[in-house]
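Only heavy atoms go into these numbers, but all of them, side chains included; no hydrogens, no water, no symmetry mates.
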Amino acid sequence: MEEEARGAVHTASVAAGAVALSPIPFSDALALVPIQTTMIISIYNSYGERISKGVVEGIVKATTATTLGKSLAGSLVKLIPGIGTIAGAALNGGVAVAVTELIGNTLIDRFEDGDSVDEAELMDVINYALKNGLED
């Protein structure tokens, strides 16, 4: 269970980092929604739990505004040709990977502790990851 779930987190984190390489400002934050949604559903499935894709997608979209705000600096830097694109990708990549890892690993830790994670608790997990992942 845990190994399969951690594999989903690793895959999603790599995908999140790759998405940040997009030279188009703000496109990476929007592309994170399906990546993180798929990861969360995979973690639930790994622990024999079910959650609706629509519920997860709604929760992740609700947090996208925060993610967009936090990636603003990196996206604005991407507007500078050349070095700005590289610096913006690096900045947004770090944020995308950190937040994705924290969402996944925090969710796994909750399941490993024997907890059931409902929609409200999932929102708490995501908000925790956003707060802590963006402070690092």
## Note on the structure
d(I59 CD1, E121 CD) to nearest 0.5 Å is 10.5 Å
### Message
Within the structure provided, determine whether T38 and K53 are in side-chain contact (heavy-atom separation under 4.5 Å).
### Response
no
### Message
Can you tell me how far apart CD1 (I126) and CD (Q36) are? Round to the nearest 0.5 Å.
### Response
7.5 Å
### Task
Could you pull out the closest heavy-atom pair between I35 and A16, with the gap in Å?
CD1-N, 4.1 Å
### Message
Using 0.5 Å steps for rounding, measure from the CG atom of L102 to the CG atom of L107.
### Response
12.0 Å
### Heavy-atom closest pair, residues A129 and V99
CB-O, 4.0 Å
## Note on the structure
Smallest heavy-atom separation, V9 atom then G104 atom, equals CG2-CA, 3.6 Å
### Side-chain H-bond candidate by donor/acceptor type, E101 with S13, under 3.5 Å
yes
## Note on the structure
CG (L122) and CD1 (I40) are apart, to the nearest 0.5 Å, by 5.0 Å
### Main-chain N/O of V117 paired to Y44 side chain as donor or acceptor, under 3.5 Å
yes
### Task
From the options V55, L32, V56, select the one residue that forms a side-chain contact (heavy atoms from CB on, under 4.5 Å) with T37.
V56
### Task
Verify whether one side chain among Y47 and E2 offers a donor that lies under 3.5 Å from an acceptor in the other.
no
#### Entry: For the student: nearest non-hydrogen atoms of A5 and S46, plus distance
N-OG, 3.6 Å
## Note on the structure
dist D124:CG -> T106:OG1 (nearest 0.5 Å) comes out at 11.5 Å
### Where A8 and M39 come nearest, the two heavy atoms and their spacing
O-CG, 3.9 Å
### Query
Does M1 share a hydrophobic cluster with I103, counting links as ILVMFWY side-chain heavy atoms below 4.5 Å and allowing steps through other members?
yes
### Query
Going from CZ on R6 to CD1 on I43, what distance comes out if it is rounded to the nearest 0.5 angstrom?
8.5 Å
### Task
Could you tell me whether R110 and D118 have a side-chain N and a carboxylate O separated by less than 4.0 Å?
no
